[in-house]
Amino acid sequence: MRTLNRQRGLGILYILGAALMFALMNLFVRLAGDLPVMQKVFFRNLIAAVIVFFMLCFDKQKFKIKSRECLLWLFLRSLLGFIGVILNFYAIDRLNISDASILNKLSPFFAIVFSLLVLKEKPKLVEVAFVLVAFIGALFVIKPTFGVETLPSAAGFLSGACAGFAYTCVRVLGLKGERGLMTVFFFSVFSTVVALPFMIAFYQPMSWAQTTFLLLAGLSATGGQFFITAAYRKAPAKEIAVFDYAQVLFAALLGFFFLEQLPDLWSIIGYIVIIGAAIAKWLYHLKKHAQRHTDAPSPDTENQPTPQESDENQNITK
């Protein structure tokens, strides 16, 4: 029992580290200043592509893809993930970074919707309720109007939708046996290559400070992915995933101290509603898991995430 608690504690610590890394990524993207979004997307993914490339060089299977069937899902995951990053960066440049973070964190709720459409997994009524409550919370953050001022918030909302679909694709890849490392590499290379011509066409010269901030954004995002991977090796998603919402708190603190940003009352209400829905969803699944395992499973199996959980969570890309 002590070992299990220690593993869970490490898992929580690692996922908090991932939340901090992704919050730092948002900060560095904003600090890079008024640069084309594609330029920021290129540098953010280039760092990850280079690091994962060298990791795969030392992997037994190298750059081998599991099967041809996985290619379609790798492409869909990369395309939707790429669009999601563009929308997220657009939102980061125009909103409080905490607002952009919470809207992107709608992705687990969108994943429930897309799992129904793609995997034909029918959610329970209570899970549908969690989705509806989270979307209501998003309205407090977006504060919808009929003017162009709503566009950044809408972009943040849609970035969560794209990420939710991308996570569904990752889950499909996990079920088909594709390696998480290859999924990250495919996405990073795809995003870098597609962003390259746009970056060249609209390139703006950068100062050393801007270059440094974009490199730090790439390193932070890659570090966040490694922390996520470590977290879900220590404990199942159902036990620790909710702590990833600490990113919103980290983003709010970083935005306050470095950008003098302060979320308004409506946004704070939205944060409470969305995070509350996430916590309720987390408690609901913990209770369900406990009911299914009243016969006291062995520690070895209890502490290991399922292939779906591991692959679904370790590839989270912002």
Side-chain angles (χ1 to χ4, degrees), residues 15 18-19 21-23 25-26 44 73 76-92 95 97-119 121 123 127-128 130-139 141-142 152-174 180 183-184 187 191 221 224-225 227-229 231-232 237-238 240-248 250-251 270-271 273-282 285 308-318:
I15 206 167
M21 288 293 103
F22 287 128
M25 181 201 74
N26 289 356
R44 177 255 178 272
W73 293 104
L76 289 174
R77 183 268 177 273
S78 299
L79 177 62
L80 270 295
F82 176 65
I83 295 171
V85 171
I86 293 172
L87 292 170
N88 187 33
F89 281 16
Y90 178 84
I92 289 169
L95 298 174
I97 59 174
S98 55
D99 282 7
S101 294
I102 195 66
L103 291 173
N104 189 258
K105 285 297 175 189
L106 291 169
S107 53
F109 298 100
F110 276 111
I112 293 175
V113 177
F114 290 123
S115 291
L116 170 63
L117 299 176
V118 176
L119 298 173
E121 294 179 344
E127 292 176 318
V128 174
F130 293 146
V131 172
L132 293 176
V133 169
F135 288 173
I136 291 171
L139 293 177
V141 180
I142 296 171
S153 296
F157 182 82
L158 291 175
S159 77
C162 289
F165 187 87
Y167 298 164
T168 305
C169 294
V170 168
R171 181 160 182 212
V172 173
L173 287 164
T183 305
V184 174
F187 164 74
S191 300
Q225 289 177 337
F227 269 119
I228 281 281
T229 302
Y232 289 106
K238 61 183 171 290
I240 64 174
V242 72
F243 293 97
D244 192 34
Y245 281 84
Q247 180 187 333
V248 180
F250 291 140
Y271 298 173
V273 173
I274 294 171
I275 294 174
I279 292 173
K281 178 172 170 283
W282 171 61
H285 286 294
Q308 294 105 306
E309 286 174 331
S310 180
D311 285 317
E312 181 179 357
N313 290 285
Q314 71 178 335
N315 297 289
I316 295 176
T317 309
K318 307 296 176 185

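All values below were derived from every heavy atom in this structure, side-chain atoms included, with hydrogens, water molecules and symmetry-related copies excluded. In what follows, residues are counted from 1 in the order of the sequence shown.
- Residues satisfying the side chain to side chain contact (heavy atoms under 4.5 Å, CB included) test with Ala251, not counting sequence neighbours, are Ala23, Ile97, Ser98, Ser101.
- Contact between Ile240 and Ile15 at its shortest, heavy atoms only, is O-CD1, 3.5 Å.
- At a threshold of 4.5 Å between non-hydrogen side-chain atoms, the residues Leu117 and Phe165 do not count as touching.
- With sequence neighbours excluded, no residue forms a side chain to side chain donor-acceptor pair (under 3.5 Å) with Ser153.
- Nearest heavy-atom pair across Phe22 and Ile228 is CE1-CG1, 4.1 Å.
- Applying the side chain to side chain donor-acceptor pair (under 3.5 Å) criterion to Ser191, with sequence neighbours excluded, gives no partner residue.
- To the nearest 0.5 angstrom, Asn26 atom CG is 7.5 Å from Asn104 atom CG.
- In this structure Ala19 satisfies the side chain to side chain contact (heavy atoms under 4.5 Å, CB included) test together with Asp244, Ala246, Gln247, Phe250, sequence neighbours excluded.
- Side-chain atoms of Tyr271 never come within 3.5 Å of backbone atoms of Ile102 as a donor-acceptor pair (strictly under, hydrogens ignored).
- Contacts of Phe110 classified as ring pair (Phe, Tyr, Trp, His ring centres under 6.0 Å), with partners at least two apart in sequence or in another chain: Phe135, Phe157.
- Nearest heavy atoms, Phe109 versus Lys281: CE2-CD, 4.0 Å.
- Looking at Phe130 and Ile112, their side chains never come closer than 4.5 Å, going by heavy atoms from C-beta outward.
- Shown here are the side chain to side chain contact (heavy atoms under 4.5 Å, CB included) partners of Val128, two or more places apart in sequence or in another chain: Pro123, Leu132.
- Side-chain contact between Pro108 and Trp282 is absent, with no heavy-atom pair separated by less than 4.5 Å.
- Of all non-hydrogen atoms in Ser115 and Arg171, the two that sit nearest each other are OG-NH1, 4.5 Å.
- Residues Leu116 and Glu127 are not in side-chain contact: their nearest non-hydrogen atoms beyond the backbone lie 4.5 Å or more apart.
- Between Pro152 and Ala91, the closest heavy-atom pair is O-CB, 3.5 Å.
- Of all heavy-atom pairs between Arg77 and Phe187, the closest is NH1-CD1, 3.7 Å.
- Residues Leu158 and Tyr90 form no side-chain contact, since every pair of their non-hydrogen atoms from C-beta on lies 4.5 Å or further apart.
- Legend: residues meeting side chain to side chain contact (heavy atoms under 4.5 Å, CB included) with Ile83, ordered by chain and number and at least two apart, are Leu79, Leu87, Cys162.
- Here the CG-CE distance, from Asn88 to Met25, works out to 5.5 Å after rounding to the nearest 0.5 Å.
- With contacts defined as side-chain heavy-atom distances shorter than 4.5 Å, the pair Leu103/Leu95 qualifies.
- Remark: Phe82 pairs with no residue by the ring pair (Phe, Tyr, Trp, His ring centres under 6.0 Å) rule, at least two apart or across chains.
- Contact of the Val184 side chain with the Gln225 side chain is registered, since non-hydrogen atoms from C-beta on lie closer than 4.5 Å.
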